[in-house]
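Position 1 is the first residue of the sequence, and the numbers go up from there.
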Amino acid sequence: MIICKTSREIDLMREAGRIVALTHQELKKHLTPGITTKELDEIAEEFIRKHGATASFKGYNGFSGSICTSVNHELVHGILGGRVLKEGDIISIDIGAKYNGYHGDSAWTYPVGEISEEAQRLLNITEESLTRGLNEAKPGERLTNISHAIQTYVETNGFSIVREYVGHGIGQELHEEPPIPHFGKPNRGPILEPGMVLCVEPMVNAGSRYVKTLADNWTVVTLDGSLCAHFEHTVAITETGFEILTKA
């Protein structure tokens, strides 16, 4: 069942989303060669707590980190570790914060120092695909209009959409109905209504779309070792369109 949120609930989720966005801004300051993913995790957890929230991912289904840090060919769910970032890496950072019982969730992929033209183009296309998808997030429209817009833009630009992992609803639970694929035919799925809160998060590979999970049972990587990127916002459907909740 899709749960439409009240204005009070969306206010709380707006604050959760603001904390997520501020945490992204804080971590971005530290993304220099030599920092470790463990240090980023520690910075994020402390920052989230200082803002009156808790890290949504900490302990979720046994996850050990406060954030997900996925480097280069790692797509999602990169688990807490001591990996040292180096010049030319890209890192996807997925952050969730729970504030007064409600979650916000956002992922962004960042360059570490100077990166290749190929890597930068991947980041640009993935971020733009999120924008293209969100432009279809309007009351009265079908959910898969978002999906189709993302897939069309990504594949037209020569990249691949991952199909094993999708977006989701969010609220008092980190993952709620409905699932939101980033591929598929338009004009299908539930009709969007004001009060729905959704996490739209295209995951894009530079090579083939196929992925696998490593032996830690968390970290997902591209099967062919190609670079990948992940961009996500939490958005609320409004009377006229959508509002991004994960912004500072």
Side-chain angles (χ1 to χ4, degrees), residues 3 5 9-32 35-71 74-85 89-110 112 130 165-176 180 197-203 213-214 216-221 229-236 244-248:
I3 303 170
K5 276 62 178 184
E9 289 177 306
I10 290 176
D11 282 344
L12 291 171
M13 296 188 74
R14 189 179 291 112
E15 179 59 18
R18 187 182 75 88
I19 293 167
V20 168
L22 289 173
T23 308
H24 271 287
Q25 289 185 355
E26 179 64 22
L27 291 182
K28 189 176 179 181
K29 300 174 188 176
H30 298 273
L31 285 177
T32 56
I35 195 165
T36 68
T37 53
K38 184 176 186 295
E39 289 172 316
L40 292 173
D41 192 278
E42 292 169 348
I43 292 166
E45 182 171 14
E46 181 181 0
F47 189 89
I48 290 168
R49 287 191 179 280
K50 283 174 62 175
H51 284 77
T54 57
S56 299
F57 304 158
K58 185 84 169 184
Y60 184 76
N61 290 334
F63 191 77
S64 62
S66 296
I67 59 175
C68 299
T69 49
S70 307
V71 182
E74 298 171 351
L75 179 70
V76 287
H77 306 159
I79 202 163
L80 175 65
R83 181 165 182 170
V84 179
L85 299 186
D89 284 342
I90 60 174
I91 180 170
S92 297
I93 300 178
D94 195 353
I95 302 172
K98 187 177 185 180
Y99 175 80
N100 281 5
Y102 289 84
H103 295 274
D105 185 7
S106 174
W108 224 250
T109 304
Y110 299 99
V112 180
L130 174 60
Y165 298 90
V166 299
H168 52 92
I170 189 171
Q172 289 182 294
E173 300 294 332
L174 182 58
H175 294 101
E176 297 183 352
I180 306 166
V197 183
L198 311 173
C199 290
V200 181
E201 48 179 320
M203 302 169 203
T213 303
L214 297 183
D216 62 18
N217 292 321
W218 281 106
T219 309
V220 177
V221 301
H230 177 203
F231 286 78
E232 174 188 19
H233 269 313
T234 300
V235 300
I244 295 174
L245 302 183
T246 40
K247 64 181 181 181

Completion exercise
In short, Ile170 meets Leu174 closest at the heavy-atom pair CG1-O, 3.5 Å
Handout entry: Validation row: Leu245, Ile10 side chains within 4.5 angstrom (heavy atoms)
Key = yes
Exercise for the section: May I ask you to test the Ser70-Leu75 pair for a side-chain heavy-atom distance under 4.5 Å? Expected result: no
Practice task
Give me the one residue out of Val221, Val220, Leu214 that meets side chain to side chain contact (heavy atoms under 4.5 Å, CB included) with His77.
Solution key: Val220
Completion exercise
Minimal heavy-atom distance between Gly52 and Tyr99, with the atoms involved, is O-CD1, 3.6 Å
Handout entry: For Gly78 against Phe63, the heavy-atom pair lying closest together
Key = O-CZ, 3.6 Å
Practice task
Could you tell me which non-hydrogen atom of Ala16 sits nearest to which non-hydrogen atom of Gly104, and how far apart they are?
Solution key: CB-N, 3.6 Å
Exercise for the section: Kindly determine whether Val197 and Ile3 satisfy side-chain contact (heavy atoms from CB on, under 4.5 Å), including the steps that lead there. Expected result: CA-CA 8 Å; Val197 183; Ile3 303 170; over 6 Å; no
Handout entry: Side-chain donor/acceptor of Ser56 to backbone N/O of Ala97, under 3.5 Å
Key = yes
Problem - Check against side-chain contact (heavy atoms from CB on, under 4.5 Å), Cys199 and Asp105 - result: CA-CA 7 Å; Cys199 290; Asp105 185 7; 3.8 Å; yes
Exercise for the section: Spell out, as yes or no, whether a donor-acceptor pair under 3.5 Å connects the side chain of Asp41 to the backbone of Gly65. Expected result: no
Exercise for the section: Specify whether Trp108 and His233 have parallel, tilted or perpendicular ring planes, treating 30° as the upper limit for parallel and 60° as the lower limit for perpendicular. Expected result: tilted
Exercise for the section: Quick one: list whatever passes side-chain contact (heavy atoms from CB on, under 4.5 Å) with Ala229, sequence neighbours left out. Expected result: Thr109, Leu122, Leu123, Thr126, Phe231
Practice task
Check for a donor-acceptor pair, side chain of Thr36 on one end and backbone N or O of Val84 on the other, with a separation under 3.5 Å.
Solution key: no
Handout entry: Glu201: partners by side-chain hydrogen bond (donor to acceptor under 3.5 Å, both in side chains), with sequence neighbours left out
Key = His168, His230
Handout entry: Donor-acceptor under 3.5 Å (Thr246 side chain, Thr234 main chain)
Key = yes
Practice task
Return the set of residues passing side-chain hydrogen bond (donor to acceptor under 3.5 Å, both in side chains) with Lys5 (not counting sequence neighbours), or none when no residue passes.
Solution key: Glu176
Problem - Leu198 CG to Ile180 CD1 distance, which is reported to the nearest 0.5 Å - result: 4.0 Å
Handout entry: Sidechain-backbone polar pair: His24 side chain, Asp94 backbone, donor-acceptor under 3.5 Å
Key = no
Problem - Residue list, side-chain contact (heavy atoms from CB on, under 4.5 Å) with Glu26, at least two apart or on another chain - result: Lys29, His30, Ile43, Phe47
Problem - By salt bridge (Lys or Arg N to Asp or Glu O under 4.0 Å) - contacts of Lys50 (at least two apart) - result: none
Problem - Lys38 atom NZ, neighbour heavy-atom count above 12 within 6.0 Å - result: no
Practice task
Flag the pair Leu130 / Glu232 as yes when at least one side-chain heavy-atom distance between them is below 4.5 Å, and no otherwise.
Solution key: no
Practice task
Salt-bridge test for Glu39 and Arg83: reply yes if a basic N is under 4.0 Å from a carboxylate O, no otherwise.
Solution key: no
Practice task
Could I get the full list of side-chain hydrogen bond (donor to acceptor under 3.5 Å, both in side chains) partners for His51, not counting sequence neighbours?
Solution key: none
Problem - Ile35: which of Leu85, Leu27, Val112 passes side chain to side chain contact (heavy atoms under 4.5 Å, CB included) - result: Leu85
Practice task
In plain terms, say whether Glu15 and Arg18 are close enough for a salt bridge, that is, a side-chain N and a carboxylate O under 4.0 Å apart.
Solution key: yes
Handout entry: Pairwise side-chain contact, His175 with Tyr60, heavy-atom cut-off 4.5 Å (strictly under)
Key = yes
Exercise for the section: Can you establish whether the number of heavy atoms outside Glu173 located under 6.0 Å from its atom CD is more than 12? Expected result: no
Practice task
Check Ile48 against Gly96 and note the closest heavy-atom contact, atom names and distance.
Solution key: CD1-O, 4.0 Å
Exercise for the section: Would you mind reporting whether Val76 and Ser92 have side-chain heavy atoms less than 4.5 Å apart? Expected result: no
Problem - Separation of Asp89 CG from Tyr110 OH (nearest 0.5 Å) - result: 15.5 Å
Practice task
Evaluate the side-chain proximity of Ser66 to Phe57: yes if any heavy-atom separation is below 4.5 Å, no if none is.
Solution key: no
Handout entry: Sole candidate of Ile91, Thr219, Ile79 that passes side chain to side chain contact (heavy atoms under 4.5 Å, CB included) when paired with Glu74
Key = Thr219
